[in-house]
Amino acid sequence: MEKQTANPSFIPRKERGLDSFRRTVRRSVRRGRSGGGPLGAVLRGVLVAASITVIGVAVFALILNWWNASDRALTAVNQVVKFVSILAGVTSAMRGGESGGVLRGASVGLLYMALGIVVYSLLMGQTPSLTADFADLGMGLAAGGLFAMILTARKG
């Protein structure tokens, strides 16, 4: 079959399909870099925060083999791990120059803490304590929003 170049509408289907495929692949790669929008960024932030928590708890458990810590020290280290995890999650969810950073950060903190409460309740076989869980959710919401404010002001 001969290639007709005078009239582009008669380009054989095979070649037109290949060019279309290349455009689609380029478009998909560009869209893939965007991260799926704000919801994808929040979910990525929650997953990063949860991963940091798992790593932090594992490292802390190894340290506890050699260190006899008090209950107050355990609580303090637990809070530090939560804050560092929220900070890492908010940082991964933020994009430079995008609006809604504070809402995104607060959402990451809130969802991270809600996930933590659910996982802890399932592992321990307990029903969630309403007042303690609201305090944890409030802490996650406030910490996520505050970290997002700091990061937004720093990038600007």
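Computation of the quantities below employed the complete heavy-atom set of this structure, encompassing side-chain atoms and omitting hydrogens, waters and symmetry-equivalent molecules.
Listed here is the closest heavy atom pair of G105 and A148: CA-CB, 3.8 Å. Between G89 and S92 the shortest heavy-atom distance is O-OG, 2.9 Å. Among all heavy-atom pairs drawn from R44 and A93, the shortest one is NH2-CA, 4.2 Å. When all heavy atoms of A49 and S85 are compared, the closest pair comes out as CB-O, 3.2 Å. Nearest heavy atoms, G101 versus M94: O-SD, 3.7 Å.
For residues 45-64, the set of pairs meeting the salt bridge (Lys or Arg N to Asp or Glu O under 4.0 Å) definition, not counting sequence neighbours, is empty. Pairs engaging residues 110-123 under the salt bridge (Lys or Arg N to Asp or Glu O under 4.0 Å) rule: none recorded [sequence neighbours left out]. Within the structure, every pair that satisfies the salt bridge (Lys or Arg N to Asp or Glu O under 4.0 Å) test and touches residues 72-83, not counting sequence neighbours, is listed here: K82-D136.
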Return all side-chain donor-acceptor pairs below 3.5 angstrom for residues 112-122, not counting sequence neighbours, or 'none' if the list is empty.
{"from": "Y112", "atom 1": "OH", "to": "T53", "atom 2": "OG1", "distance (Å)": "2.5"}
{"from": "S121", "atom 1": "OG", "to": "I117", "atom 2": "O", "distance (Å)": "2.9"}

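Both L137 and V108 are part of a single hydrophobic cluster, where members link through side-chain heavy atoms under 4.5 Å apart. In the hydrophobic clustering of this structure, L62 does not group with W67; members are Ile, Leu, Val, Met, Phe, Trp, Tyr whose side-chain heavy atoms approach within less than 4.5 Å, directly or through other members. A single hydrophobic cluster is not seen to contain both M139 and V77; linkage of ILVMFWY side chains at heavy-atom distances under 4.5 Å, directly or through other members, places them apart. Cluster membership for I55 and V90, using ILVMFWY side-chain heavy atoms within less than 4.5 angstrom, is not shared.
Other residues, nucleotides and ligands contribute only 12 or fewer heavy atoms inside 6.0 Å of the CG atom of N68.
One distance of note links CD1 of I52 with CG of L87; it measures 10.0 Å at 0.5 Å rounding. Here CG of L43 is found 4.5 Å from CG of L39. Values are rounded to the nearest 0.5 Å. Atom CZ of F134 is separated from atom CG of L141 by 12.5 Å, given to the nearest 0.5 angstrom.
Partners of A142 according to the side chain to side chain contact (heavy atoms under 4.5 Å, CB included) rule, which considers only residues two or more places apart in sequence or in another chain, do not exist here. Considering only residues two or more places apart in sequence or on other chains, S107 meets the side chain to side chain contact (heavy atoms under 4.5 Å, CB included) condition with V42, L103.
Here the side chains of L64 and L74 are in contact, with some heavy-atom distance below 4.5 Å.
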Working for side chain to side chain contact (heavy atoms under 4.5 Å, CB included), residues V81 and F60: CA-CA 9 Å; V81 168; F60 187 57; 5.6 Å; no
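Test V102, T91, L146 against L151 for side chain to side chain contact (heavy atoms under 4.5 Å, CB included) and you get one pass: T91.
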